[in-house]
Amino acid sequence: MLIKSVIICIYLLFTYWLSFRAPELHMVFYPTLAAFSFLFMSRSTDKKNVYKIVGGAILASAIGSSLYFVNAGFVSFFLTSFVIIWMIQKFNWNAAPILAVSLVPYFSKPPSVWIFPLSVSCSLLGLLVTLCVIQQVEKTKDAVNVIPILAHKQPQYHWYGIFGEGSINLIVGALYSLL
């Protein structure tokens, strides 16, 4: 789980950095991406279910963006919420971030109707690639050797450090004499 967490956090950091560096890519990173990351990381779902959720998120972002550009008011916000909740129940997507991603255009105000669904597609496909990398890292028997910092194996340091076993009395005596 630690390897998954680190790799997912690196992916989220990369997308955040990318959206921060290039204002035109601002819509690539959205907080719901973190929710999708945690959802896919914490559940042991099969690929078919993950693909359904990703497809549902892309469809929901397109519906939310389209309804936002038709009318950015309360009625379209309600319709977006209602339609996406109905779709989540109808298709058994069982992923709350799908509703959240459909409402992002109402808060981020994308410049055109296709920018946000395209950003969602790219970022979720990047997440799927990241999940495949995680799966490959976990499959290798030498995953600990590939990423040694994640091995939880700390070097064994003795309390006497680099000075050796007999010199600790000398060091303590020298410090005592300085006082």
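Basis for what follows: all heavy atoms, side chains included, without hydrogens, waters or symmetry-related copies.
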Of all heavy-atom pairs linking Ala95 and Ile53, the shortest is CB-CG2, 3.8 Å
Minimal non-hydrogen separation, Pro117 against Ala62, with atom names:
CG-CA, 3.6 Å
When rounded to the nearest 0.5 angstrom, what is the spacing between CD1 in Ile84 and CD1 in Ile88?
7.0 Å
Once rounded to the nearest 0.5 Å, what's the spacing between atom CD1 of Ile98 and atom CZ of Phe91?
11.0 Å
With sequence neighbours excluded, give me every side chain to side chain donor-acceptor pair (under 3.5 Å) pair touching residues 61-75.
none
Enumerate the side chain to side chain donor-acceptor pair (under 3.5 Å) contacts for residues 78-103, please, sequence neighbours excluded, ordered by first and then second residue.
Thr80-Tyr106
Could you tabulate the donor-acceptor pairs under 3.5 Å formed by side-chain atoms of residues 1-15, not counting sequence neighbours?
{"from": "Ser5", "atom 1": "OG", "to": "Met1", "atom 2": "O", "distance (Å)": "2.9"}
{"from": "Tyr11", "atom 1": "OH", "to": "Ser123", "atom 2": "O", "distance (Å)": "2.5"}
{"from": "Tyr11", "atom 1": "OH", "to": "Leu127", "atom 2": "N", "distance (Å)": "3.3"}
{"from": "Thr15", "atom 1": "OG1", "to": "Tyr11", "atom 2": "O", "distance (Å)": "3.4"}
{"from": "Thr15", "atom 1": "OG1", "to": "Leu12", "atom 2": "O", "distance (Å)": "2.9"}

side-chain contact (heavy atoms from CB on, under 4.5 Å) partners of [X], counting only residues at least two apart:
X	result
Phe74	none
Leu79	Leu67, Val75
Gln135	Lys47, Lys139
Ser121	Ile58

With sequence neighbours excluded, what pairs up with Thr130 under the side-chain hydrogen bond (donor to acceptor under 3.5 Å, both in side chains) test?
none
List for me each residue that meets side-chain hydrogen bond (donor to acceptor under 3.5 Å, both in side chains) alongside Trp114, sequence neighbours excluded, and say none if there are none.
Ser112
When hydrophobic residues are tied together by side-chain contacts of less than 4.5 Å, even through go-betweens, does [X] share a cluster with [Y]?
X	Y	value
Phe107	Phe20	yes
Leu99	Phe78	no
Val129	Val54	no

Side-chain heavy atoms of Pro110 within contact of Phe69, under 4.5 Å:
yes
For residues Ser76 and Val70, determine if any side-chain heavy atom of one lies less than 4.5 Å from a side-chain heavy atom of the other.
no
Among all residues two or more places apart in sequence or in another chain, which pass the ring-ring contact (aromatic ring centres under 6.0 Å, His included) test with Phe116?
Tyr30
Considering the options Val101, Val120, Val50, which one meets the side-chain contact (heavy atoms from CB on, under 4.5 Å) requirement together with Phe36?
Val101
